[in-house]
Trainee: 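Quick one: the structure is below, and I'll ask about it shortly.
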Amino acid sequence: MTKLFIMPIPIIEVNFLKKVFINGEVVTKVLHGLSFNINKGEFVAIMGPSGSGKSTLMHILGLLDRATSGEYKLEEKDVVHLSDNELAGLRNRKIGFVFQSFNLLTRTTVLENVKLPLTYSVNKKNIEIRAREVLKSVGLGHRLDYFTNQISGGEKQRVAIARALVNNPSVIFADEPTGNLDSKSGVQIMKILQELNNAGNTIILVTHETYTSEHAKRIIKIKDGMIIDDYSVKNRRIAQDGENLK
Ligand code: ADP
């Protein structure tokens, strides 16, 4: 039987990525030269204790901030030398964000929140259809006309996921997505992220919680701005099972 080998398609390639914050005379070195790749279809959890640099890294990878030095290619495109406008355009087209604090517009309906990233699309009719479609896919087809202050925290996060998805982004970043939720809603959100990954979406989860990271296929652990571990969850489980059998 021939074995099918699928060539990995790189989405994110970083080399010697460093970040230094300078506030007046205070210099804070946060990322100390990180190098790694993330391929299309991966579900990666970036883990580490508070203050280890996870958010800083996510902001750089999500094109919300720039590295101080190092290389960063998004879908093989060098983003280091892009202008602020070019970065913003790329971010809108290629990246979806889900934040701990939902970041939805209040006094605006669920449907309008999800249509927002599509405002610049030419085809107005398709915007409506697409927004309804993604909201339905996260189980919110019955909440389209609710205001975001009239729905639960779990539902708010599902709106945020729909908004992140609506542009068909190349990668979805979820920064502590269950941090403000009760455990039942948290489990639902992780299940949705897992289903999105099963459907081929690339997901990067930033978390300090072990139970949320368990949904990922690969874990990158950082501490004090350095990678201290980077492993496939499946391979490590197999290796551990092997150890236990000895
Ligand atoms: P994490 O997300 O892992 O909790 P962060 O990336 O938020 O960590 O922060 C890592 C370190 O960088 C912390 O010591 C934090 O104080 C520092 N830091 C983050 N943003 C800034 C900033 N704008 N100016 C100075 N220091 C910062």
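Note that ligands are numbered from 1 as they come in the structure, with each ligand's atoms numbered from 1 the same way. Given the structure is predicted, the values throughout are model-derived calculations rather than measurements.
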Trainee: Does an N or O anywhere in Gly53 fall below 3.5 Å from an N or O of ligand 1?
Mentor: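 Checking ligand 1 against Gly53, an N or O pair does fall under 3.5 Å apart.
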Trainee: Give the minimum heavy-atom separation between Arg236 and Asp229, together with the two atoms involved.
Mentor: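 Arg236 and Asp229 have their closest heavy atoms at NH1-OD2, 3.0 Å.
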Trainee: So, Ser185 and Gln157: side-chain donor and acceptor under 3.5 Å apart, yes or no?
Mentor: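 No pair is found: no donor N or O on one side chain lies under 3.5 Å from an acceptor on the other.
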Trainee: So which of Gly48, Ser55, Ser52 gets nearest to atom 2 (O) of ligand 1, if we judge by its closest heavy atom?
Mentor: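 It is Ser55 that holds the nearest heavy atom.
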Trainee: Can you check atom 16 (O) of ligand 1: any protein non-hydrogen atom closer than 4.0 Å?
Mentor: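 For atom 16 (O) of ligand 1 the answer is no, since every protein heavy atom stays at 4.0 Å or beyond.
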Trainee: Cation over ring, Lys18 on Phe16, under 6.0 Å and within 45°?
Mentor: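 No cation-pi geometry.
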Trainee: Look at atom 13 (C) of ligand 1 and say which protein heavy atom is nearest, naming residue and atom and giving the distance to 0.1 Å.
Mentor: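 For atom 13 (C) of ligand 1, the nearest protein heavy atom comes out as Gly51 O, 4.0 Å.
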Trainee: Looking only at the side chains, is there a donor atom on one of Asn103 and Ser101 sitting less than 3.5 Å from an acceptor on the other?
Mentor: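 The criterion, which ignores hydrogens and geometry beyond distance, is satisfied for Ser101 and Asn103.
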Trainee: Report, in ascending order of atom number, the atoms of ligand 1 lying under 4.0 Å from any heavy atom of Lys54.
Mentor: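 Once the distances to Lys54 are compared, the set is 1 (P), 2 (O), 3 (O), 4 (O), 6 (O), 8 (O).
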Trainee: What's the separation between atom CD in Gln150 and atom NZ in Lys156, rounded to the nearest 0.5 Å?
Mentor: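 Separation between the atoms: 10.5 Å.
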Trainee: Does the residue Gly225 have a heavy-atom contact with ligand 1, meaning some pair of atoms that are separated by less than 4.0 Å?
Mentor: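 No, Gly225 has no heavy atom closer than 4.0 Å to ligand 1.
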Trainee: Could you work out, for atom 24 (N) of ligand 1, the closest of Ile22, Val26, Asn23 by heavy-atom distance?
Mentor: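 Among Ile22, Val26, Asn23, the closest heavy atom to atom 24 (N) of ligand 1 belongs to Asn23.
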Trainee: For Glu42 and Thr202, test the side chains for any donor-to-acceptor distance below 3.5 angstrom and give the result as yes or no.
Mentor: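 Per modelled atom types, Glu42 and Thr202 side chains form no pair under 3.5 Å.
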Trainee: We want to know whether Thr212 and Thr207 form a side-chain donor-acceptor pair, criterion being a heavy-atom distance below 3.5 angstrom.
Mentor: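 Yes, side-chain donor-acceptor contact under 3.5 Å.
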Trainee: Glu176 and side chain to side chain donor-acceptor pair (under 3.5 Å): which single residue from Lys54, His208, Gln100 fits?
Mentor: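 One option only clears the test, and that one is His208.
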Trainee: For atom 6 (O) of ligand 1, what is the closest protein heavy atom, and at what distance to 0.1 Å?
Mentor: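 Here the closest protein heavy atom is Thr56 OG1, 2.6 Å.
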Trainee: Find all atoms of ligand 1 within a distance of less than 4.0 Å from any non-hydrogen atom belonging to Pro49, and give their numbers and elements.
Mentor: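 Reading through ligand 1 atom by atom, the close ones are 3 (O).
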Trainee: Tell me the protein heavy atom at minimum distance from atom 27 (C) of ligand 1, and give that distance in Å.
Mentor: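 Going by distance alone, atom 27 (C) of ligand 1 is nearest to Phe21 CD1, 3.4 Å.
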Trainee: So is Val30 polar-close to ligand 1, meaning N/O to N/O under 3.5 Å?
Mentor: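 N/O-N/O distance below 3.5 Å does not exist for this pair.
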Trainee: Pull out every atom of ligand 1 sitting under 4.0 Å from any heavy atom of Ser50, numbered as shown with elements.
Mentor: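 It comes down to these atoms of ligand 1: 4 (O).
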